[in-house]
Enquirer: 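One structure is given below, represented as structure tokens, and several questions about it will come after.
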Amino acid sequence: MTDMQQVVPAAQETAGRFRAFGARHLEELLNRAGLSESERLAVRAVATVLPFRTNSYVLDELIDWSAIPDDPIYRLVFPQPDMLPHQDVERIGALISSDAPKSEIKAAAHEVRMRLNPHPAGQMVLNAPDLDGTKLPGLQHKYDETVLFFPKQGQTCHAYCTYCFRWAQFVDEPELKMATDHIDTLVAYLHQHPEITSVLITGGDPMIMNSTVLRRYIEPLLDPSLDHVESIRIGTKSLGYWPQRFVTDNDADDTLRLFEEVQEKGRSLALMAHYSHPNEMATPIAEQAIKRVRDSGAIIRTQAPLIRTVNDDAATWQQMWRKQVRLGMVPYYMFVERDTGPQEYFAVPLARAQEIFRDAYAHVGGLCRSVRGPSMSATPGKVCVDGVAEVAGEKVFVLRMLQARDPSLVGKPFFARYDEKAVWLTDLQPAFADRFPFEPATAELVA
Ligand SMILES: *Cc1c(COP(=O)(O)O)cnc(C)c1O
Ligand code: SF4
């Protein structure tokens, strides 16, 4: 995209590693993208509520500027004028154009955020573990075998996805954030919990941290006293948004060396790579990054949500899984867009999601079929929509828990009444029963 050289305004250096663009560059980017004045105002209004950030690589190499506004990567990182309720966008837009005081705009944005379910699936309350009675911020323990760790320096990303379910981590609302820099508390917690076999380092994007900081978090987990930790996973979109992280950044080699050390200590290092669209794997440096990570012995598993207007067709998923397998990665999850942020804008009905999944799945080889979904990460666990069937004369969804707070529910099929419009577990009604199998367990937990 040569004319992007002119589209990109003066950029900001982030730790000397990549050029980032934020809300203050938005007006100029949108102007050059050819948006009308009213569209630009609407996008800026949306960007006071939800975070905006992108970088030079996404702008120059991933977005096809001749295809705006339909280009999937453009839609993936740029807020859209109609992403939030019309009256909210209108109101904040009016405040911006009348040069209202910052505090007033901020208050209006805060009010809208509070209506967007910033912490879905009860994660702030239900998943918060404690150590001898002390709450541990920055840790989540929902499924017996896996603990989530949110390192403080990893709570930002190389670019922000418009649909991100962790958006609350990136806005200026401290009480909404989960993060810690106390690796000691994680180590102590792991000592008390021999059932935990996997530590999932997440964010944000932990790969935004340089190798020195990353090492500080990972090395303590390799202590022989924590031999029950079989795998360390890092949830990341860096392979898509900043593959330089593994190829040309100053600490690329040291990072890969750290991945090797994890294997040498007898653990598996898995990158849980977030890929939303095949275009994110299409550049030479993206392929090089994948190859270098694989050469370190780390495994790359891929996952993404199904997003309206970004990847909501079977051909896109088919192409994505096949390319992933060709490049030596392992397709892992297709998620359903979560019930937070601009869910109404991006949601694909469950019935349609299952159709897309099945159409793609039916036309790929067995190596692609390691993928599971469409899966909802909901309060009781990960619920997979296995299909639509007619049972005893009734049209139903066939559901199955892939993960559950209550492990005895994993893998047992159950049913919900077919509903063409349902987009989330909470929209569903049980079929052939008066409650879902997980309901009593959840009620007890909340009580
Ligand atoms: C998805 C998820 C995990 C990991 O589940 P796997 O099925 O092992 O990949 C762990 N904790 C939470 C809270 C999750 O949502
Ligand atoms: S990379 Fe992941 S955490 Fe970061 S903005 Fe995108 S979805 Fe959210």
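When a ligand or atom number is given, it counts from 1 through the structure's own listing order.
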Enquirer: Ring centroid separation for His141 and Tyr189, is it under 6.0 angstrom?
Expert: yes
Enquirer: Please, which pairs that meet salt bridge (charged side-chain N to carboxylate O under 4.0 Å, His left out) have at least one residue in residues 260-275, sequence neighbours excluded?
Expert: Arg215-Glu261, Arg257-Glu260, Arg257-Glu261, Arg257-Glu264
Enquirer: For residues Phe436 and Phe414, establish whether the separation of their ring centroids is below 6.0 Å.
Expert: yes
Enquirer: Near Tyr332, which atoms of ligand 1 are under 4.0 Å from a heavy atom of that residue?
Expert: 6 (P), 7 (O), 8 (O), 9 (O)
Enquirer: Taking N or O atoms only and a 3.5 Å limit, does Tyr143 qualify as a polar contact for ligand 1?
Expert: no
Enquirer: Against heavy atoms of Tyr333, which atoms of ligand 1 measure under 4.0 Å?
Expert: 6 (P), 7 (O), 9 (O)
Enquirer: Is Arg233 close to ligand 1, meaning an N/O of one under 3.5 Å from an N/O of the other?
Expert: yes
Enquirer: If I only include protein atoms of type N, O or S, how many are less than 2.8 Å from atom 4 (Fe) of ligand 2?
Expert: 1
Enquirer: May I ask you to check if ligand 1 and Gln140 share an N or O to N or O distance below 3.5 Å?
Expert: no
Enquirer: Main chain of Pro331, side chain of Gln303: is a donor-acceptor contact present, judged purely on distance under 3.5 Å?
Expert: no
Enquirer: Is any side-chain N of the basic residue among Asp205 and Lys237 closer than 4.0 Å to the acidic one's carboxylate O?
Expert: no
Enquirer: Does any non-hydrogen side-chain atom of Glu337 lie less than 4.5 Å from one of Val348?
Expert: no
Enquirer: Answer with side chain, backbone, both or neither: which part of Gln303 has a heavy atom less than 4.0 angstrom from an atom of ligand 1?
Expert: neither
Enquirer: Test your reading of the model: is there a side-chain donor-acceptor pair from Thr340 to the backbone of Asn117, 3.5 Å cut-off?
Expert: yes
Enquirer: If you take the nearest heavy atom of each of His141, Lys142, Lys382, which one is closest to atom 14 (C) of ligand 1?
Expert: Lys382
Enquirer: For ligand 1, is Leu148 a contact, meaning one of its heavy atoms is under 4.0 Å away?
Expert: yes
Enquirer: Does CZ belonging to Arg322 count more than 12 external heavy atoms closer than 6.0 Å?
Expert: no
Enquirer: Counting only nitrogen or oxygen atoms and a 3.5 angstrom limit, does Gln403 reach ligand 1?
Expert: yes
Enquirer: With the threshold set at under 4.0 angstrom, would you say Met272 reaches ligand 1 through any of its heavy atoms?
Expert: no
Enquirer: Please tell me whether Phe52 and Tyr160 form a close aromatic pair, meaning their ring centres lie under 6.0 Å apart.
Expert: no
Enquirer: Taking the six-membered ring for Trp, are Phe149 and Tyr217 ring centroids under 6.0 Å apart?
Expert: yes
Enquirer: Just checking, Arg369 and Tyr361: is the charged tip under 6.0 Å from the six-membered ring centre and within 45° of the axis?
Expert: yes
